[in-house]
Each structure stands twice: as C-alpha cells, then as structure tokens.
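First the structure, which I've put down as structure tokens, then a few questions once you've had a look.
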Amino acid sequence: MRKIKCTNVLKKCDVHKLEEGPPLQAVLTREEGLQYYRTMQTIRRMELKADQLYKQKIIRGFCHLYDGQEACAVGIEAGINLSDHLITAYRAHGYTLTRGGTVREIMAELTGRRGGIAKGKGGSMHMYTKHFYGGNGIVGAQVPLGAGVALACKYLGKNELCVCLYGDGAANQGQIFETYNMASLWKLPCIFICENNKYGMGTSVERAAASTDYYKRGDFIPGLRVDGMDVLCVREATKLAAEHCRSGKGPILMELQTYRYHGHSMSDPGISYRTRDEIQEVRSKSDPISMLKDRMLSNNMASVEELKEIDVEVRKEIEDAAQFATTDPEPPLDDLCNHIFYNDPPMEVRGTNPWTKLKSIS
C-alpha cells in the first residue's frame with residue numbers, strides 16, 4: 001500500500017531581519033511528489049536534448065542550460081500561484097516550462113521555428129508566456145523590470161506579486177541596489193531571488209564578491225538563504241516570502257544555493273575554472289532529482305517501476321518535441337516586422353514602413 005503523504009525534515013534557512021524562517025518540516029503528498037519529479041525530469045531531459053541539438057548545429061547562437069538547478073524553478077512555482085508574475089535572466093528554459101509553456105514550443109523556439117513560443121523570433125534567451133516576462137539578455141536588467149511589474153500588482157490591487165530572479169553574477173550590478181531601494185520605499189510585493197550557482201560565467205563567487213552573503217545584500221530588506229537543491233526547502237521558503245509580500249510588508253530577498261552542471265553557456269566547456277570531480281560530487285551528493293526520488297522511495301510513496309515509467313514518458317515527450325522542432329518551418333520573411341508596434345502601423349519613413357513587403361535577395 002502506497003503512502004499518500006509524508007513529513008520531511010528540512011535544512012534550516014539562514015535568515016536576515018526576519019524573526020523566524022520557514023518551517024523545518026514539510027508535508028509532501030504523493031501527488032505533489034510525482035508532479036515535481038515529472039517536471040524536474042522534463043527540464044533535465046529537455047536541456048540534455050538542447051545540448052545535443054546545439055552540438056549538431058541545429059540550435060545556434062546563445063544557449064544557457066538549466067540542468068542542476070531544477071529544484072529552484074519547480075520549488076518556486078509550487079510556492080506561488082500561476083496568476084502571480086515572474087521574470088528572470090537568460091537561463092530561462094525551465095521557467096518557461098513551469099509557467100505554462102510546452103516542451104514542443106520551447107524546443108521549436110530554440111531551433112527558431114514558427115511553432116516556437118515566441119514564433120521563432122526569440123530563441124533561447126527570449127521566451128514568454130502569460131505572467132512570464134522572459135528571458136532577458138542584459139545582465140541584471142530584468143530586476144528593475146520586475147519591480148515595475150510588482151508596482152503594477154500593487155497599483156491594480158489584485159493581491160498578486162512578482163518573483164524577480166537574477167544570478168550571483170548579476171548581484172553586484174548597481175541597478176539591483178537602486179531597485180532594492182525603490183521597492184522598499186514603495187513596499188512593492190516583490191520577491192527578489194538570487195540563484196547562486198557558485199559561478200558568474202567562469203568566475204567563482206569568492207573572486208567576484210566582497211560579501212557572498214547574497215541574502216543580506218538587501219540591507220534593509222529581510223532575506224533568507226535556502227538550500228536550492230531541495231525542492232521542498234525552496235517551496236516552503238517561497239511560501240513564506242509570498243505571505244510576507246501579500247501581507248503588505250514590502251519586498252523580501254531569497255538566495256537559493258544551487259549548481260549548474262553545464263558551463264555558463266554552450267560556448268563554455270565548464271571545466272577550465274572547476275574540476276570534473278567537483279561537478280561529480282554535487283551530482284552524487286545533492287542532485288535535486290535524485291534527492292526527491294530517494295525521499296519518495298524511502299517513504300514508500302512510489303515504486304521504482306512507477307518512476308521509471310515517468311522517465312520513459314518524459315523521454316518520449318522530449319523526442320517528439322525535438323522531431324517537431326527540426327521539421328517545423330522557419331517563420332516567413334513577411335513576419336519579420338510583425339509584433340513591433342502594438343496597434344496601427346507607424347507613419348512612413350523615407351517611403352517605407354514595417355508593413356512593406358520584404359523580399360529576400362540572397
């Protein structure tokens with residue numbers, strides 16, 4: 001007989017300007033566990049397929065993979081509502097999925113096809129869905145934008161919030177501190193989240209930051225440091241942060257300690273500034289998928305066969321999506337100037353406007 005739910009002991013969070021952190025125990029239901037497992041496994045397999053297609057030169061340009069950090073995206077999503085808002089940097093494939101995008105749409109966007117989530121025009125770094133504002137290519141630039149979304153939440157009075165993500169590499173940007181200040185003054189419902197994966201491009205956090213206590217960087221903003229490899233730790237911390245924002249207390253800062261298995265982007269082999277042994281140690285000791293799997297098996301919440309069945313289904317979904325992403329047509333040239341202006345075409349400039357028919361002369 002399978003257990004329907006179990007109580008799990010969680011790692012204690014470090015807190016800053018908070019009286020208490022998230023609970024040290026969390027209940028996981030069988031249904032939640034299977035759902036988290038499937039989503040994390042889908043992100044992992046999707047990123048591995050993207051790696052393969054990139055090496056075959058089917059995906060081109062910038063491509064930043066999320067494998068290793070799956071517990072962050074899945075845990076955050078489990079702690080907020082789909083009607084809440086989220087904005088992130090360019091390592092965005094996982095969030096595009098958790099916010100409601102499909103694997104087919106994401107893979108087709110990576111290959112620049114018409115069926116992509118941004119109609120093949122955005123590529124890896126610029127994917128969007130409802131209440132998800134991308135995918136942003138400029139380091140740290142999404143943070144003030146996220147505060148703007150949080151201002152809209154407060155202005156419209158819908159009791160929604162904005163999750164605003166950035167990496168340890170962006171954490172030293174001046175615009176982030178300007179945003180902290182405004183968000184705090186205006187008591188914006190904004191959860192600032194630093195996904196600390198230990199390296200900003202090829203530079204370790206110790207070499208880049210005079211203080212690596214990113215959760216304290218908000219100074220006057222309360223903060224907490226969370227085990228970003230444990231989906232339940234992330235979920236419970238996000239719930240606490242969301243409650244803080246919704247109760248009108250203003251912004252809160254979270255640092256998720258996580259790790260990426262790939263290099264910074266596909267042009268970075270990822271082993272010139274860290275050893276293979278380091279990566280392997282993280283994989284063997286704190287892989288987010290393995291940790292959840294072990295938790296479910298040891299608590300008799302699922303069988304090995306059941307989880308293997310999910311793995312098979314996920315692999316098939318990824319293969320089908322990859323097939324679609326390599327056979328779907330590219331967007332036609334006529335589409336090039338669409339989606340620039342919201343409504344009416346602008347006045348003509350030098351005898352042309354963006355609706356002029358374009359012809360390829362190549």
Side-chain angles (χ1 to χ4, degrees), residues 3-14 21-48 65-82 84 86 88 91-101 103 132 163 165 167 191 193-198 215 224-243 254-261 282-302 304 306-307 310-311 314:
K3 270 167 88 172
I4 296 170
K5 62 182 178 182
C6 69
T7 303
N8 301 269
V9 177
L10 305 180
K11 188 176 167 185
K12 192 175 192 293
C13 293
D14 298 318
L24 297 177
Q25 289 191 327
V27 173
L28 176 72
T29 68
R30 175 178 142 81
E31 194 180 336
E32 286 168 346
L34 292 173
Q35 183 201 335
Y36 301 161
Y37 181 81
R38 182 184 289 273
T39 309
M40 289 203 287
Q41 198 63 279
T42 302
I43 295 171
R44 175 72 54 91
R45 290 279 147 209
M46 184 170 73
E47 298 299 58
L48 294 178
L65 302 181
Y66 199 68
D67 50 324
Q69 299 183 207
E70 296 89 351
C72 298
V74 176
I76 290 166
E77 203 60 67
I80 59 171
N81 308 321
L82 265 176
D84 289 318
L86 190 142
T88 187
R91 200 177 301 280
H93 308 162
Y95 289 101
T96 312
L97 185 79
T98 58
R99 289 265 90 192
V103 180
F132 174 58
V163 174
L165 292 128
I191 307 176
I193 300 184
C194 176
E195 288 183 287
N196 176 6
N197 61 19
K198 313 285 190 286
Y215 71 108
L224 54 161
R225 181 160 56 192
V226 184
D227 179 0
M229 301 302 264
D230 182 344
V231 69
L232 290 185
C233 276
V234 178
R235 183 188 77 180
E236 294 307 310
T238 307
K239 281 181 178 175
L240 179 135
E243 179 52 41
M254 280 166 61
E255 175 191 343
L256 304 182
Q257 294 190 306
T258 182
Y259 200 82
R260 57 167 160 78
Y261 295 151
V282 177
R283 275 187 189 276
S284 59
K285 289 185 179 170
S286 52
D287 180 79
I289 299 176
S290 302
M291 277 164 61
L292 177 64
K293 183 179 183 177
D294 293 347
R295 196 175 255 157
M296 292 190 71
L297 292 174
S298 61
N299 282 299
N300 192 27
M301 292 176 77
V304 176
E306 207 170 359
L307 296 178
I310 291 175
D311 295 348
V314 166

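Quick note: residue numbers are just sequence positions, from 1.
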Quiz item: What distance separates Thr39 OG1 from Tyr36 OH, expressed to the nearest 0.5 Å?
Solution: 9.5 Å
Exercise. Looking only at non-hydrogen atoms, find the nearest pair between Val226 and Cys233 and report the distance.
Key: CG1-O, 3.7 Å
Quiz prompt | Separation between CD of Gln257 and CG of Asn197, rounded to the nearest 0.5 Å | solution = 11.5 Å
Quiz item: Is Leu224 close to Pro22 at the side-chain level, that is, under 4.5 Å between some pair of heavy atoms?
Solution: yes
Quiz item: How many angstroms lie between atom CG of Asp84 and atom CD1 of Ile76, to the nearest 0.5 angstrom?
Solution: 12.0 Å
Exercise. Can you see which heavy atom on Cys72 is nearest to which on Glu195, and at what distance?
Key: CB-OE2, 3.4 Å
Quiz item: Counting only N and O atoms by type, is there a donor-acceptor contact under 3.5 Å from the side chain of Lys198 to the main-chain atoms of Thr258?
Solution: yes
Quiz item: Do Cys13 and Met254 have side chains that get closer than 4.5 Å, going by heavy atoms?
Solution: no
Quiz item: If we only count heavy atoms from C-beta on, is the His93 to Ile43 side-chain gap below 4.5 Å?
Solution: no
Self-check item: Interatomic distance, Glu236 atom CD to Leu240 atom CG [nearest 0.5 angstrom]
Solution: 9.5 Å
Self-check item: Partner set under side chain to side chain donor-acceptor pair (under 3.5 Å) for Tyr259, not counting sequence neighbours
Solution: Arg274, Glu278
Quiz prompt | Sidechain-backbone polar pair: Asp287 side chain, Ile289 backbone, donor-acceptor under 3.5 Å | solution = yes
Practice problem: Grab the two heavy atoms, one from Thr29 and one from Met301, that are nearest each other, plus how far apart they are. | Solution: C-CE, 3.4 Å
Quiz item: Are the side chain of Glu70 and the backbone N or O of Gly68 linked by a donor-acceptor pair below 3.5 Å?
Solution: yes
Self-check item: Of Arg295, Arg235, Lys11, the residue whose pairing with Asp230 passes side chain to side chain donor-acceptor pair (under 3.5 Å)
Solution: Arg295
Exercise. Answer yes or no: is there a donor N or O on one side and an acceptor on the other, between the side chain of Arg225 and the main chain of Glu255, under 3.5 Å?
Key: no
Quiz prompt | Distance, nearest 0.5 Å, that separates CG of Leu292 from CG of Leu307 | solution = 8.5 Å
Practice problem: I would like to know whether Tyr261 and Leu65 meet side chain to side chain contact (heavy atoms under 4.5 Å, CB included); could you show each step before the answer? | Solution: CA-CA 9 Å; Tyr261 295 151; Leu65 302 181; over 6 Å; no
Quiz item: Quick one: are Leu82 and Arg99 in side-chain contact, heavy atoms under 4.5 Å?
Solution: yes
Quiz item: Considering all heavy atoms of both residues, which atom of Val27 and which atom of Lys5 are nearest to each other, and what is their separation?
Solution: CG1-CD, 3.8 Å
Quiz item: Hey, does Thr88 have a side-chain heavy atom less than 4.5 Å from the side chain of Phe132?
Solution: yes
Quiz prompt | Side chain proximity check, Met296 to Glu306, heavy atoms < 4.5 angstrom | solution = no
Quiz item: Which heavy-atom pair separates Thr238 from Ile191 by the least distance, and what is that distance?
Solution: O-CD1, 4.4 Å
Self-check item: Spacing of Glu31 atom CD and Ile4 atom CD1 [to the nearest 0.5 Å]
Solution: 10.5 Å
Practice problem: Quick one: closest heavy-atom pair of Gly228 and Ala71, and the distance? | Solution: O-CB, 3.5 Å
Quiz item: Tell me, do Asn299 and Leu28 make a side-chain contact under 4.5 Å, heavy atoms counted?
Solution: no
Quiz item: Would a distance-only check, ignoring hydrogens and angles, find a side-chain to backbone donor-acceptor pair under 3.5 Å from Arg260 to Tyr66?
Solution: no
Quiz prompt | Any Arg45 side-chain heavy atom under 4.5 Å of Val103 side chain | solution = no
